[in-house]
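To start, the structure itself, in structure tokens.
Below, chains carry the letters A, B, ... as their sequence lines are ordered, and counting in each starts from 1.
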Protein chains: 2
Amino acid sequence: MSIPKPGMPVRGSQSGAPLMAAFDLLGRRWAMGIVWQLSYGSATFRSLQNACGSISPSILNSRLKDLREAQLIERTTEGYRLTEMGEALHRLLLPFGEWSIKWAQLITPEETSRWSQLGPK
Amino acid sequence: MSIPKPGMPVRGSQSGAPLMAAFDLLGRRWAMGIVWQLSYGSATFRSLQNACGSISPSILNSRLKDLREAQLIERTTEGYRLTEMGEALHRLLLPFGEWSIKWAQLITPEETSRWSQLGPK
DNA sequence: CCGCATCGCTACATTAGTCGTAGCGATGCG
DNA sequence: CGCATCGCTACGACTAATGTAGCGATGCGG
């Protein structure tokens, strides 16, 4: 799967809106998780693998490739880090964290206090 | 694929953060697009199908089921609409539209002026 | 009441994406 | 040299998405 072209989006998005192309890219498994992890600072392939838990190296590699082609992350000598565009995306994702906590409470009202240690950067 | 349980997330997210569970749910194909479409107002199955373009009814149905179980959307007599939580999510997604336009310009610098008609609600 | 159209949705076969594991070359270190 | 770790690739097994066909229900004109 290659990078979605905003003008003529892949994966059937069709509407022509770059938003759909973005949804297409970030809707891929682990994509947002990787961006999130990298927002804590630059990381190596291995540390991303561990941080994401059970991601397989092959899929991690292809997601990193996707994100690199989308210019949201870039390689450094010590691993990967967010580009400016990636940082901008992360800032949008930030309030998402709080939303997800409320959402989690809605879905599983029991044990709501365990994730308080979640915080970006 | 069922609704991710924030406490014990599915699909290998593992970190325990509800954020990852949210990424898991919204990272599914078309999920965010459906939320976006519904933000324009309540819609029927058929109109969603047309709005999303090439989505197949089977996958649309399962995404609607996912989102309904996640309590982000709900059925009405005339179709589907966002719940309060879904509306809250949409408000987070809003600035995403602008970001995606900048991003699109970064990726495909040619023909940048065509998507100006994109606007939520 | 009947034929026809549309709607919401399901079934199913094909195709694409992901997972898990094994392992390769490169680098570092004792 | 021997061994460990790292970044990454290959490959087979599995799972999810796609595309098409079609079912029951509802509505509507004749």
B:Leu89: which of B:Leu67, B:Leu26, B:Leu94, B:Thr83 passes side-chain contact (heavy atoms from CB on, under 4.5 Å)
B:Leu26
For a quick test of reading the model: is some side-chain N or O of [X] closer than 4.0 Å to OP1 or OP2 of [N]?
X	N	value
B:Thr44	C:dG8	yes
A:Arg63	C:dT18	yes
A:Arg29	D:dA17	no
B:Tyr80	C:dC9	yes
A:Trp30	C:dT18	no

Could you state the atom-to-atom distance from [atom1] of [X] to [atom2] of [N] in whole Å?
X	N	atom1	atom2	value
B:Ile55	D:dA17	CD1	C1'	10 Å
B:Asp24	C:dT18	CG	P	12 Å
A:Lys65	D:dA10	NZ	C1'	15 Å
A:Gln49	C:dA22	CD	P	14 Å
A:Leu60	C:dC19	CG	C1'	13 Å
A:Arg28	C:dA16	CZ	P	15 Å
B:Asn50	C:dG8	CG	C1'	13 Å
A:Ile59	C:dA16	CD1	P	16 Å

Is any side-chain N of the basic residue among A:Glu74 and A:Arg68 closer than 4.0 Å to the acidic one's carboxylate O?
no
Correct closest heavy-atom pair for A:Leu38 and A:Tyr80 would be CD2-O, 3.5 Å
Could you please name the option among D:dG7, D:dT9, C:dC9 that lies closest to any side-chain atom of A:Arg75?
D:dG7
Of all the nucleotides listed (D:dC8, C:dT10, C:dT18), which has the minimum atom distance to the side chain of B:Pro57?
C:dT10
Can you tell me the Watson-Crick or wobble partner of C:dC29, both distances under 3.5 angstrom?
D:dG2
Pair partner, D:dA17 [Watson-Crick or wobble, under 3.5 Å]:
C:dT14
Donor-acceptor pair (no angle test) under 3.5 Å: B:Ser58 side chain, D:dG19 base
yes
Taking A:Ala31's backbone N and O only, do any of them form a donor-acceptor pair with A:Trp36's side chain (distance below 3.5 Å, no angle check)?
no
Under the 3.5 angstrom rule, does the side chain of B:Trp103 hit a backbone N or O of A:Ala70 as a donor-acceptor pair?
yes
